[in-house]
Amino acid sequence: MQEIQQFYHSECNESERLQSQAGQIEYITTMKYLKMYCKKDMSVLDACAGGGIYAFPLADLGCKVTAGDLIDVNVAHINSENTKNPKLTHIYQGSILDLSFFPDESFDIVLNLGSYYHLCDESDRQKSLAESLRVLKNGGIYVISYISRCANYMAHFRELQDNYPFLVNYMQNGFIENSTLFYSTTPEMMEADLQNQNLKLLHHIATDGPIFIYGDIVQKMNKSDFEAFMDIHLAHCDKKSNLGYSEHGLIVAQKETR
């Protein structure tokens, strides 16, 4: 936990991460699918809300949004923004591994947009799924993001090409040895994990594609070129052939009645 806290304190400003034009690929794509299911008066738990990048737009759609995050600076940012213009139903600091302050089946929609790829321990990942699904109503919608193992292998291959033992270990385990900061998986493993939790997969999306290849190009695009690029991306991001090389993946699933 200390490593994650330090990362978000000193290396990553989560409230700004998706504001660049290249970062907008992930944001626009995710919002497209959230808007399909997050409707007015629905109760939404954004359990890894970061700086509220999705929580506030969903509140603007009329959803009753509860936003929480593990990281204190992220929660402080959410509180600050909500003080200026109150929109959120509830804000809290806490871990997705313990949502005991919420009763069973409290929410129509649960978002897990961040925690899964910070949990290097298998039992923690399973606990995060079980706990967030516990508070989701039967028939409710679960949305989860992940980091692609193969995409990261490609993204960092050039800098690590002389360290094959490192690459082999990473591809086997999905995380860097002696680090608990990031975990990556594969589309196949991700689908299996969710299907084991009695979830019906509705969409599986290559959220930002091979941004490690074209991110700098996208960043320099003019408005019309970027809009044309996004039209192409959104038309193909749900194709299975695109999943493995996308830096981030997104799954939308429905909790089935047991």
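Computed from a predicted structure; not experimentally measured. Numbers here are sequence positions counted from 1.
Within a 6.0 Å sphere centred on NZ of Lys35, heavy atoms belonging to other residues, nucleotides or ligands number 12 at most. More than 12 non-hydrogen atoms from other residues, nucleotides or ligands lie less than 6.0 angstrom from NZ of Lys87.
When only modelled atom types and interatomic distance are considered, Ser184 and Asn152 share no side-chain donor-acceptor pair under 3.5 Å. Donor-acceptor pairing under 3.5 Å is lacking for the side chains of Ser95 and Asp98.
In this structure, Phe56 is a member of the same hydrophobic cluster as Val75, with clusters built from ILVMFWY side-chain heavy atoms closer than 4.5 Å.
Ring geometry for Tyr54 against Tyr27 counts as parallel: the plane angle stays under 30°, on a 0 to 90° scale with 60° as the upper cut.
Legend: residues meeting salt bridge (Lys or Arg N to Asp or Glu O under 4.0 Å) with Glu105, ordered by chain and number and at least two apart, are absent.
Put simply, the side chain of Pro210 does not reach to within 4.5 Å of the side chain of Glu247, judged on heavy atoms. Side chains of Asp238 and Tyr33 form a contact here, defined as non-hydrogen atoms less than 4.5 Å apart. Residues His236 and Ile232 are in side-chain contact: their nearest non-hydrogen atoms beyond the backbone lie under 4.5 Å apart.
Residues Ile96 and Cys48 come closest through the heavy atom pair CD1-SG, 4.0 Å. Closest approach of Ile144 to Met190, counting heavy atoms only: CD1-CE, 3.5 Å. Closest approach of Leu58 and Met31 over heavy atoms only: CD2-CE, 4.3 Å. In plain terms, the two heavy atoms of Asp124 and Leu119 that are nearest each other are O-CD1, 3.7 Å.
For Phe226 and His233, the gap between ring centers reaches or exceeds 6.0 Å. Remark: aromatic rings of Tyr153 and Tyr245 are distant, center separation not under 6.0 Å. Taking the six-membered ring for Trp, Tyr37 and His203 have ring centres closer than 6.0 Å.
At a threshold of 4.0 Å, the pair Arg125-Asp193 does not count as salt-bridged, since none of the basic side-chain nitrogens sits closer than that to a carboxylate oxygen.
For Lys200 (side chain) and Glu256 (main-chain N/O), no donor-acceptor pair under 3.5 Å exists by modelled atom type. Remark: the backbone N or O of Leu99 is paired with a side-chain donor or acceptor of Glu131 at under 3.5 angstrom. Panel note: side chain Ser246, backbone Leu243; no donor-acceptor pair is recorded below 3.5 Å.
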Residues Cys38, Cys63; criterion side chain to side chain contact (heavy atoms under 4.5 Å, CB included); working and verdict: CA-CA 7 Å; Cys38 297; Cys63 296; 3.7 Å; yes
Stepwise ring pair (Phe, Tyr, Trp, His ring centres under 6.0 Å) check, Tyr183 with His118: CA-CA 6 Å; Tyr183 169 76; His118 284 307; over 10 Å; no
Working for side-chain hydrogen bond (donor to acceptor under 3.5 Å, both in side chains), residues Gln126 and Gln197: CA-CA 9 Å; Gln126 294 307 312; Gln197 294 287 339; 3.3 Å; yes
Phe102/Tyr92 under ring pair (Phe, Tyr, Trp, His ring centres under 6.0 Å): CA gap, chis, key distance, verdict: CA-CA 12 Å; Phe102 296 122; Tyr92 70 93; 5.6 Å; yes
Salt bridge (Lys or Arg N to Asp or Glu O under 4.0 Å) evaluation trace for Lys240 with Glu188: CA-CA 10 Å; Lys240 279 192 174 293; Glu188 296 83 3; over 6 Å; no
